Number of protein chains: 2
Amino acid sequence: MARSSQTQMAVLGGLSIEPMTAYALREAIRDVLGHFWSESFGQIYPTLQVLEEEGHVRRREGPRARSSVFEITESGTARLIELLTEPIRDTPPRDGLLLRLFFGRTLGRARCRGLLQAARDRATQNLRGYEELHAQLSTAEGDTPDWPFIEVTIRAGIHHARATVAWADESLTALSTEEPPS
Amino acid sequence: MARSSQTQMAVLGGLSIEPMTAYALREAIRDVLGHFWSESFGQIYPTLQVLEEEGHVRRREGPRARSSVFEITESGTARLIELLTEPIRDTPPRDGLLLRLFFGRTLGRARCRGLLQAARDRATQNLRGYEELHAQLSTAEGDTPDWPFIEVTIRAGIHHARATVAWADESLTALSTEEPPS
DNA sequence: CGAGGCATGTAACGCGTTACATGATTCC
DNA sequence: GGAATCATGTAACGCGTTACATGCCTCG
């Protein structure tokens, strides 16, 4: 009974879609899972070694000398389902933007508006990113069984980005006056 | 030039609104900042000691023996502004729900729908929580200069909760068929 | 033949949580 | 007088990031 690992979930999950090198796995996580997940090299390599020892992944010769392509084994798939079924461990929230806005009286209205505008810009940019990602992946993966699930995660990003834009607009209006109304 | 600390920001910010004991500070952070921030005892106490040594907070006799009420000093306010002005350090995202849904093919549609339904329920519950919080604080703090900013953070929660509900509904529909369409 | 990207790993460090440990006060 | 809550702190541990260290391969 190995202890639970979120990194194992992401690694096994990635390999369940397609065998890859550790390097490619990291890129895939960054580019595709990037808006809701992250893993660093320092986690991925040791995790792959552990998974190999436990027989959950198999190492094959890679495209170059000293490079390896990893593929998931049957026991790895079982382990993945086990991990996926575990209760979600929610990380304590830490939103630096909201924390700053909360203390907006001290920070000042002008700076708050700056932060809100920046957040709005980022959100619209993200929105475009999601649309690109959706277009790109729907042609590449559109007819694989993974696609409907991938799409769900992208649409989560879209919904949240839109909500952020609406909230930022509303808040910019609310904080528009330089001095609070008497 | 002390190193940046997110905990210092939350602690000084809390005390900038009202002097409190460490215990009350933790409760305030949990109850009011809870939906976008968290601090644990293990952080709050050492941070208060550091801030006291640096002269950013002052310790006064508390309501009981061996208890202290902390209040922010002038240099503490300056330090708070300094911290508030620092660029936002965004924590790498880690959304366990989206990670599981992404690997939904392996997890199975039924379980995905379960997760989505649970997320939807939680979001509607949060929504109610925000409304309560809004009502409660708007009477308690409604005419303080902090209120407009507090309201902005609550409305962020409301917007995101609504977005989550809409996304969950849409996704439940998308994943409603037991077998993928041929 | 050099720059940049592919590829693999290790080690140190910091942040933050959890669990532990203790005691005062209030309310029933 | 006992339970719950207020109150203060410490210590160990784990997770994850960052920085470091190394080398191959391809393209221009």
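In what follows, every chain begins at residue 1, and chains take the letters A, B, ... in the order their sequences are listed. Owing to the predicted nature of the structure, the values given are computational and were not obtained by experimental measurement.
- Neither side chain, A:Ser176 nor A:Arg113, offers a donor N or O lying under 3.5 Å from an acceptor on the other.
- Nearest-nucleotide mapping onto DNA chain D: of A:Glu39 and B:Ser68, the residue sitting toward the 5' end is B:Ser68.
- In this structure, B:Arg89 places its CZ atom 14 Å from C1' of D:dG16, rounding to the nearest Å.
- Side chain to side chain, A:His56 and A:Gln8 fail the donor-acceptor criterion of an N or O pair below 3.5 Å.
- Residue A:Gln43 contributes atom CD, which lies 16 Å from atom P of C:dG9 at whole-angstrom precision.
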Query raised in the report: Is there a salt bridge (charged side-chain N to carboxylate O under 4.0 Å, His left out) between A:Glu131 and A:Arg128 once you walk through the steps?
Result: CA-CA 5 Å; A:Glu131 276 155 17; A:Arg128 238 168 262 139; 6.0 Å; no
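- As a whole-Å value, the separation of B:Gln6 CD from C:dG14 P is 16 Å.
- In this structure, a donor-acceptor pair under 3.5 Å is absent between the side chains of B:Gln6 and B:Arg89.
- Using a 30° and 60° split on the angle between ring planes, A:His160 and B:His160 fall in the parallel class, below 30°.
- OP1 or OP2 of C:dT17 sits under 4.0 Å from a side-chain N or O of B:Ser40.
- In this structure, CZ of B:Phe70 is placed 15 Å from C1' of D:dC6, rounded to the nearest angstrom.
- Apart from B:Val50 itself, the hydrophobic cluster it occupies contains nothing, where clustering links Ile, Leu, Val, Met, Phe, Trp and Tyr at side-chain heavy-atom distances under 4.5 Å.
- Atom pair B:Phe41:CZ and D:dA12:C1' shows a separation of 18 Å (rounding to whole Å applied).
- Here B:Ser38 reaches the OP1 or OP2 of C:dT17: one of its side-chain N or O atoms lies under 4.0 Å away.
- Of the two residues near DNA chain C, A:Ser67 and A:Pro46, the one whose nearest nucleotide lies more 5' is A:Ser67.
- Between A:Gln49 and C:dT10, a side-chain N or O to OP1/OP2 separation shorter than 4.0 Å is present.
- With rounding to whole Å, B:Tyr45 atom OH is found 16 Å from D:dA11 atom C1'.
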**Report entry** Summary of protein contacts for nucleotides 21-28 of chain C, nucleotide by nucleotide, where a base hit scores B, a sugar-phosphate-only hit scores S (4.0 Å, heavy atoms)
**Finding:** ---BS---
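- Distances shown here put a side-chain N or O of B:Tyr23 below 4.0 Å from the OP1 or OP2 atom of D:dC6.
- Residues A:Val165 and A:Ile158 fall into different hydrophobic clusters, defined by Ile, Leu, Val, Met, Phe, Trp and Tyr side chains chained together at heavy-atom separations under 4.5 Å.
- If you check every strand for non-hydrogen atoms under 4.0 Å, B:Arg59 touches sugar and phosphate atoms only.
- Taking atom CZ on A:Arg94 and atom C1' on C:dC15, their separation rounds to 8 Å, with Å as the unit.
- Distance CZ (A:Arg26) to P (C:dG9): 15 Å, rounded to an integer number of Å.
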